Q: 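Provided herewith is a single structure, encoded as structure tokens, for subsequent inquiry.
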Amino acid sequence: MAIKRAFAVLALASSFFVSSVLAEEQEKCGQASYYPSEYACYDDKTLCPIQFSLPTKPCGGGCYSPEQYSCQDGTITDLAEATSPFSLTFSGVRKTFRNLNVKACGRYLAVGANARECHACTAAGGTNCGSYQNSTVLLPDGKMASDVPGHQFWYINPTDGILRYTEALAGNSSVWNATIPGKEFAAQNVKVYENGLFAWTREDATTHWWMACLVTLPGGAVGTGRSWRIYAPTYQNMERGDCELGRLVSKVVDRKAGAYKYP
Ligand SMILES: *[C@@H]1O[C@H](CO)[C@@H](O)[C@H](O)[C@H]1NC(C)=O
Ligand SMILES: *[C@@H]1O[C@H](CO)[C@@H](O)[C@H](O)[C@H]1NC(C)=O
Ligand SMILES: *[C@@H]1O[C@H](CO)[C@@H](O)[C@H](O)[C@H]1NC(C)=O
């Protein structure tokens, strides 16, 4: 059953793909014809597939995803795990979902034109609010790059698989367990590569893709104020038909690109 569902989701992904290809002109890569939405051409001779709008690259006769591997002298090796603060982008198959910044607001991480990026700062206690750039920045240890007393943590909500973050919490596991029952710190469920994939690990697999699912924000008139929240592909979430599949990719940034607090 689980396997059937996985196939259903992959079929959905390729149907988006086929519809985007129909209206497209073919191009030449050496002797070969290809659709530029489907493949990238290197040196007018090597074709590598594009996955979720992210081109793979040639290495030693094969192709590799630079969000997961590096290529040295024709040998493909795993990227290092992230140790630096990072921002995230979401890349789905459709053009409108390419390279979208992931934004924190209201304890959700979301993408899309109407996703808001929220920040707050209190100058009391001598905080230099002007020293923050207020982007959405995460740390590889499971925290948000905020400086509010206590810490803010990003996590995958155990009940619905949504990627979220907490309000300021004293960072010890009894506080965490009372807030997010049943799960240890989120960093244990996600593998982050430096300048690479943000990959969710569940009991049976590591998934290299996520789902961006449409929500209408409370108070938004119908058809406005819509953003796409990010969901882990749990078996339950994979039943949904209103989501864009895509990859989350980390990019190393300065910690001070973050905010004092993410409200
Ligand atoms: C970031 O937000 C704080 C208030 O939360 C503000 O004082 C500061 O100037 C902002 N920084 C930038 C670069 O806009
Ligand atoms: C964890 O935080 C709680 C609530 O703030 C506090 O009562 C407890 O002493 C802390 N535990 C440790 C080991 O610091
Ligand atoms: C928090 O929950 C985890 C299991 O999810 C458990 O291993 C850990 O001991 C708990 N910590 C506390 C302080 O209750």
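Keep in mind the model is a prediction, meaning the values are calculated, not measured. Counting convention: from 1, in listed order, for ligands and their atoms alike. The figures that follow rest on heavy atoms only: side chains count, while hydrogens, waters and symmetry mates do not.
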Q: Please identify each residue that fulfils ring pair (Phe, Tyr, Trp, His ring centres under 6.0 Å) with Tyr69, with sequence neighbours left out.
A: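 With neighbours one apart ignored, the set is empty.
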Q: If you count only heavy atoms, which residues are under 4.0 Å from ligand 1?
A: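 Residues near ligand 1: His119, Ala120, Cys121, Cys129, Tyr132, Gln133, Asn134.
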Q: Quick check on the 6.0 Å ring-centre criterion: do Trp228 and Phe90 meet it?
A: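 Trp228 vs Phe90: aromatic centres not under 6.0 Å.
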Q: Taking atom types as modelled, find out whether Thr159 and Asn157 have a side-chain donor-acceptor pair closer than 3.5 angstrom.
A: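 Judged by distance alone, the side chains do pair up.
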Q: Can Lys28 be said to sit on top of Tyr34's aromatic six-ring, NZ or CZ under 6.0 Å from centre and within 45° of the ring axis?
A: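 Relative to the ring axis of Tyr34, which defines the angle, Lys28 lies outside at least one limit.
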Q: Does the side chain of Gln133 pick up a donor-acceptor pair with the side chain of Ser135 at under 3.5 Å?
A: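 Result is no, nothing qualifies.
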Q: Could you tell me whether the side chains of Ser65 and Thr56 share a donor-acceptor contact shorter than 3.5 Å?
A: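 No.
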